[in-house]
Structure formats: C-alpha cells, structure tokens
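See structure below.
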Amino acid sequence: MKRYLVQTMGCQMNVHDSRRIEEVLAADGWRPTDEPALADLVVFNTCSVREKAEHKLMSALGTVRGLKEARRGVVIAVAGCVAQQEGERLLQKARFVDVVIGPDHVAELPALVARARGGAAPVARTVFDVHAPAFLDATPSPERLEVSAFVTVMKGCDERCTYCVVPYTRGPERYRPADAIVGEIRAMVEGGVREVTLLGQTVNSWIEPRPGATPADAPPRWSARLARTSEFAALLRRVAREVPDLARLRYTSPHPRHLTDALIEAHAELDVLARHVHLPVQSGSNRVLRRMLRRYTRELYLERVARLREAVPGLTLSTDIIVGFPGETDADLDETLSLVREAGFVAAFAFKYSPRPNTPSRALADDVPEDVKSARLDAVFDAVGATQRAHLASLVGTTQEVLVEGPSRTDPSRWTGRTRRNEIVHVEGADLAGAILDVVIERANDHSLMGRIARTARPAAPPAPHRLRVLA
Ligand code: SAH
Ligand code: SF4
Ligand code: F3S
C-alpha cells in the first residue's frame, strides 16, 4: 500500500490546502501515515509569510533526506507558498526534492508523484491559473467528519500591503462562482458539517466572477477609502437563505476597507453569522498604515468597528498586528496600543516585522532593533491579554450557546467548542461533537472558559453585556 505524510506550516488557507492534498492522494489510492519511516511520499505544505521560512523548510527537508537514502522510491514534494516563491530554485538547492508545486497545482500532485516514482526528473509547477481559476471541491469522507469546515471563496490578493509576500505566492485575486460556493456548503452540511468559515486573503472583496468584472477596485496609489462592492454581503445572504440547516457562518480574513455598510447590515440581519469578526488592523498609527499601504486610516478602522458593534451588540473582535515595521517609533506603538484598547480586541495574532522576498518594504531599512521589536510585541500581548481576561471573566455565571467541535487536546475527559462570539469553552461530557449546547460558564482561564451543560434545554441566553468599554 502507498502511504503518504503531509506536514503543514502556515495559515488556515494552507491547512485547507493540505486537506485537498490528502483528498487528491486518497482518490489515487494513497493512505495516510504519521510515521515518516513508513511514508512513500512526504509532502511539505509550506508558508513564507515571515522570516526563516526557507530555512525552516531546509531543516525539515534535512530530516527526510535519510528516508530517501534508506529506501528507494520515496518521493519528496514541496507545496505551498515557499514552493511557489522558490520554484525551480528549490530543485537546485535540495537535489533530493522530486516535486515542487504551487498552490494552484494541487490536483496535479498524484500524477507528478507517479511520474517521479517511475524515475522521471524532478519537476516544478508554479504558474498561476489566472485565465481558468480552479477551486477544488472538498470531498468529505465519513472517516474524517468535520463539525467546522472551511470553504474557499477567493484566492490570491490584490491589496499588496508593502510587507506582505502573499500577493507573490498566491497571485492575483480570483473568485469562485457563488453557485459553486453554495453547492459546496450544502454538500458539507448534508454530510454533517455545522459551521462553515468562508476563506480568502481579503475574503470580503469577493465578487461574482464574470467577464469584465474588476477585482477589488484597489485604488492605484495610497488613499484611505472604503470599497464600493457589496457582493460579499449578498453572498452571505444567499448562503443563509439557501442552506437553512447551516448552524453558523464565519469568514476570514476580511480587509477593513471592504467592510462596507452592506456587510454591516448583513451582520445585523443574519442570525447564522457569528458574532465575531477577525479584522486585521496591523497598526494603530496612520503614518505606519500609510507606509504599509493598508489603504485605511486608524479613524476609518475605528469608525467601521463602531458601526459593526452598533449593528451587532456584544460582537467580539480579534486582529493581526505587526510591530517593528521600518521606521516605527515608540509613539507609533502607543497609537497601536491605544487602538487595541479602543477597539477592545479579545484576541490578537501579533508578529515582529520581517522583510520578505519580492516585497516593496524590503527597500526600507529594517531599522527597529530586535530587542525593541520583542518589547513592543510583549506590550501588544499585554494589552490584548488584559482585554481578553476581563472579557472572559465577565462571562462567568452566564449561559452560553456552544457548538462542540471535538475532544479537548489537553484533557480527554473534556470537550471543546466555541460560542458564536468565538470564546473557547471546555465542557465535560461524552460524544458531544457537533452538539449545540447551553453551557453555564463556571470559570475563566486566560484564553478560554470552563463550564457545565445547563440542565434545561432552553434556548441560549442572550450574550452578557459587552464590558470591554470599561477598560478603554
Ligand atoms: N490576508 C490576511 C493576512 C495574511 S498574512 C490579511 O490581510 O488580513 C497573516 C498575517 O501575517 C498578517 O495579517 C500580518 O499581520 C502578518 N504578516 C504578513 N507579512 C508579515 C511580515 N513581513 N512580517 C511580519 N508579519 C507579517
Ligand atoms: Fe497580505 Fe495585505 Fe493581501 Fe493580507 S491584504 S494577504 S496582508 S497583501
Ligand atoms: Fe503563509 Fe502562504 Fe498562508 S505565505 S500565511 S501559507 S498564504
């Protein structure tokens, strides 16, 4: 039997791509293994968004080099963003790699692996499918039932933030037709999926693909203004209408300049939409935002957040933040910290800036010293941590509606799920995956809540009043 192992690094999009890689391999007769020594094929699905990506890949590759020497016929493949970025160069740098495939070539993997097993020369496939974009449908299998699944609505990115490698590793924006999106969600829900997260680098810039449609209406140069499209809001409405059995709908990551009034209205209207939005801000300083080419200001961001909160009382927000962008001063960092408090983020991914290949910000000196970057990162985590702890503590004693996703990773007697506002809740019980339960919150940890199943099966109580303002 042919056995494969996929190692995934990177974002949710890569996690999603790894599932598709597993599915195309399964359809070709491959079976999974966790044991590198048993694998006939090892696939590294790589990420290039921050520094040392290539370095990490080379050391991971080093660990499987021996496999190839020990057993003839083992195939090594590199997929994902480093594969796209490096292409043929990777084949020169690591001569034992057989297949390099960019994100648009997943469907070709089984054929390329078969050729490699037959003794063909190493090959790299990294051309973007700009003219005929393909989106692989998920093929849910009964062995791997998911409670919560991702559905791709677009790929690529046209924003071109100056620090970001993604436009170069994922290519220009291409959109998936609404019919295909709705069809995939319907099939998933029929197969037992309860929650869907629509996926795209700037997911809310989605438009129905049609001849002559303009992607993203990106202003050619810096200008902070809201996009005009409202098609993503229409897509959400259509999903809600046509897949009434879907319990929850999320999307990630929206770009703030595409957080249109129409999208805010959809949040107010649609019960199925989560009451949580992950809205990457990157910085609270207009000077830095401008140099990042984020195309919004601090004021625009906060105005959008205020409107969203008005439309959806109790909504929670999380974000991405970069510290130490070239030229960032202590005063800029203070602006970021004050924005963290003003926006009341209850979670954040924060990163130290690192220069990436091909990106415009490479031309700027990476002039914030490493120790200053570290201190700024700590300050951001402290600010978000304080908001998060206060928020979670405010929920003790309330009853929350929890969608259980699976057994807890740390404690096998517990199950883990999330509320509509994305708080993580651990609860005791048996076989709860996929259940939607009323849970009485008994304790707050730093990042999650503990609770017990409410005795009565009454509908979940409305969320506790949003208390983040207390901190602001
Ligand atoms: N498309 C998403 C984010 C994609 S990358 C969006 O625009 O929101 C995920 C996160 O990595 C970014 O939000 C950013 O915070 C971080 N990131 C991207 N490039 C980076 C770099 N060069 N250095 C440090 N962090 C970076
Ligand atoms: Fe990168 Fe900006 Fe595109 Fe996000 S919006 S993927 S940060 S270029
Ligand atoms: Fe990484 Fe590519 Fe995602 S660079 S963050 S895997 S889009």
Side-chain angles (χ1 to χ4, degrees), residues 7-18 21 44-54 56-57 78-86 102-104 106 126 128 150 152-173 198-206 215-216 218 227 251-259 277-284 288-289 291-296 301 317-326 328 336 345 348-364 366 368 370 373 376-377 380:
Q7 277 199 17
T8 311
M9 313 151 193
C11 63
Q12 285 153 324
M13 208 158 281
N14 255 21
V15 172
H16 185 65
D17 288 350
S18 286
I21 289 174
F44 293 96
N45 195 14
T46 57
C47 171
S48 174
V49 83
R50 283 171 289 276
E51 71 180 334
K52 301 202 182 102
E54 302 84 45
K56 264 189 223 154
L57 171 64
V78 181
C81 288
V82 181
Q84 183 66 42
Q85 177 188 303
E86 297 296 312
D104 287 354
V106 166
T126 53
F128 291 124
F150 293 114
T152 307
V153 305
M154 61 169 297
K155 53 183 179 177
C157 180
D158 287 349
E159 292 294 329
R160 293 174 183 264
C161 306
T162 53
Y163 51 82
C164 183
V165 78
V166 172
Y168 312 96
T169 63
R170 295 275 168 168
E173 289 186 14
L198 304 180
L199 204 53
Q201 289 298 345
T202 55
V203 68
N204 54 340
S205 74
W206 179 88
Y251 57 84
T252 198
S253 284
H255 189 287
R257 81 179 189 90
H258 293 277
L259 187 58
V277 177
H278 181 76
L279 190 64
V281 67
Q282 315 299 357
S283 170
V288 176
L289 286 172
R291 288 153 65 99
M292 288 177 162
L293 198 61
R294 285 295 285 181
R295 307 180 206 268
Y296 53 83
Y301 184 95
L317 281 175
S318 55
T319 200
D320 288 353
I321 288 170
I322 296 176
V323 297
F325 187 78
E328 185 191 64
T336 298
F345 299 122
F349 297 109
F351 312 98
K352 294 187 223 176
Y353 168 77
S354 59
R356 304 307 300 134
N358 308 316
T359 58
S361 69
R362 260 196 107 93
L364 306 170
D366 181 12
V368 178
E370 189 58 27
K373 281 184 186 167
R376 288 182 186 172
L377 192 67
V380 168

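Both counts, for ligands and for their atoms, begin at 1 and track the order of listing. Positions are given from 1 along the sequence.
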- Query: Which residue and non-hydrogen atom of the protein lie closest to atom 17 (N) of ligand 1, and at what distance in Å?
  - Reply: Arg50 NH1, 3.7 Å
- Message: Can you confirm whether Glu51 sits close enough to Pro355 that some side-chain heavy atom of one is under 4.5 Å from a side-chain heavy atom of the other?
- Response: no
- Does a donor on one side chain sit under 3.5 Å from an acceptor on the other, for Ser318 and His278? yes
- Task: Please find out if atom 2 (Fe) of ligand 3 and some N, O or S atom of Cys81 are separated by less than 2.8 Å.
- Result: yes
- Task: Examine the proximity of ligand 1 to Tyr163 and report which part, side chain or backbone, both or neither, has a heavy atom under 4.0 Å away.
- Result: both
- Message: Could you check whether Glu328 pairs with Arg291 (Lys NZ or Arg NE/NH1/NH2 to Asp/Glu carboxylate O, under 4.0 Å)?
- Response: no
- Message: Check this for me, if you would: do Lys155 and Glu173 make a salt bridge, where the nitrogen-to-carboxylate-oxygen distance has to be below 4.0 angstrom?
- Response: no
- Message: Can you report which non-hydrogen protein atom sits closest to atom 6 (C) of ligand 1, along with the distance?
- Response: Gln201 O, 3.8 Å
- Quick note on ligand 1: atoms under 4.0 Å from a heavy atom of Ile322 include exactly 14 (C), 15 (O), 17 (N), 25 (N), 26 (C)
- Task: Check for a donor-acceptor pair, side chain of Tyr301 on one end and backbone N or O of Gly284 on the other, with a separation under 3.5 Å.
- Result: no
- Item | Arg356 and ligand 1 - part of the residue with a heavy-atom distance under 4.0 Å | side chain
- Item | Protein heavy atom at shortest distance from atom 9 (C) of ligand 1 | Asp320 OD2, 3.8 Å
- Task: Report yes or no: does a heavy atom of Met13 sit under 4.0 Å from some atom of ligand 1?
- Result: no
- Task: Using a strict 4.0 Å cut-off to heavy atoms of Arg294, name the atoms of ligand 1 that fall inside it.
- Result: 7 (O)
- Task: Measure from the side-chain N and O atoms of Gln84 to the backbone N and O of Thr126, and report whether any donor-acceptor pair falls under 3.5 Å.
- Result: yes
- Task: Sequence neighbours left out, what passes side-chain contact (heavy atoms from CB on, under 4.5 Å) with Lys373? Give chain and number order.
- Result: Lys352, Tyr353, Asp366, Val368, Glu370
- Query: Short question: side chain of Thr319, backbone of Val281 - any donor-acceptor pair under 3.5 Å?
  - Reply: yes
- Task: Might you work through the side chain to side chain donor-acceptor pair (under 3.5 Å) test for Ser18 and Thr8, ending with a clear yes or no?
- Result: CA-CA 7 Å; Ser18 286; Thr8 311; 2.7 Å; yes
- Message: Among all protein heavy atoms in this structure, tell me which lies nearest to atom 22 (N) of ligand 1, with the distance rounded to 0.1 Å.
- Response: Ser354 O, 2.7 Å
- Nearest-contact summary for atom 8 (O) of ligand 1 - protein heavy atom, Å: Pro280 CG, 2.9 Å
- Item | Heavy-atom donor-acceptor pair, Asn14 side chain to Met9 backbone, under 3.5 Å | yes
- Message: Looking at every heavy atom in both Ala79 and Asn45, which two are closest together, and how far apart are they?
- Response: C-OD1, 3.5 Å
- Which atoms of ligand 3 sit under 4.0 Å from any heavy atom of Cys47? 1 (Fe), 4 (S), 5 (S), 6 (S)
- Element-labelled atoms of ligand 3 that are located less than 4.0 Å from some non-hydrogen atom of Gln201: 7 (S)
- Message: For atom 4 (S) of ligand 3, what's the nearest protein heavy-atom neighbour? Residue, atom name and distance, please.
- Response: Ser48 N, 3.2 Å
- Task: Anything protein N, O or S sitting under 2.8 Å from atom 2 (Fe) of ligand 2: count it and give me the total.
- Result: 1
- Message: As an exercise, identify every atom of ligand 1 less than 4.0 angstrom from a heavy atom of Tyr353.
- Response: 23 (N), 24 (C)
- Message: Met154 vs Ser205, test: side-chain contact (heavy atoms from CB on, under 4.5 Å). Steps then yes/no.
- Response: CA-CA 9 Å; Met154 61 169 297; Ser205 74; 3.8 Å; yes
- Could you state the interatomic distance from CZ (Phe150) to CG (Leu198), rounded to the nearest 0.5 Å? 10.5 Å
- Query: Relative to each other, are the rings of Phe349 and Phe351 parallel, tilted or perpendicular (30° and 60° limits)?
  - Reply: parallel
- Would a distance-only check, ignoring hydrogens and angles, find a side-chain to backbone donor-acceptor pair under 3.5 Å from Ser354 to Arg50? no
- Query: Is it true that Arg170 lies under 4.0 Å from ligand 3, counting heavy atoms only?
  - Reply: yes
- What is the closest protein heavy atom to atom 3 (Fe) of ligand 3, and at what distance does it sit? Cys11 SG, 2.2 Å
- Note on the structure: Nearest non-hydrogen protein atom to atom 15 (O) of ligand 1, with distance, is Gln282 OE1, 2.7 Å
- Side chains of Gln85 and Ser48: is there a donor and an acceptor less than 3.5 Å apart? yes
- Task: Record the part of Val49 in heavy-atom contact with ligand 1 below 4.0 Å; permitted values are side chain, backbone, both and neither.
- Result: both
- Under 4.0 Å between heavy atoms, the region of Asn14 that gets near ligand 3 turns out to be side chain
- Note on the structure: Going by the 4.0 angstrom heavy-atom rule, the piece of Lys352 near ligand 1 is backbone
- Item | Under 3.5 Å: donor-acceptor pair, side chain of Asn204, backbone of His255 | yes
- Under 4.0 Å from ligand 1, counting heavy atoms only, is it the side chain of His278, its backbone, both or neither? neither
- Message: Tell me whether Gln12 reaches ligand 3 (any heavy atom closer than 4.0 angstrom to a ligand atom).
- Response: no
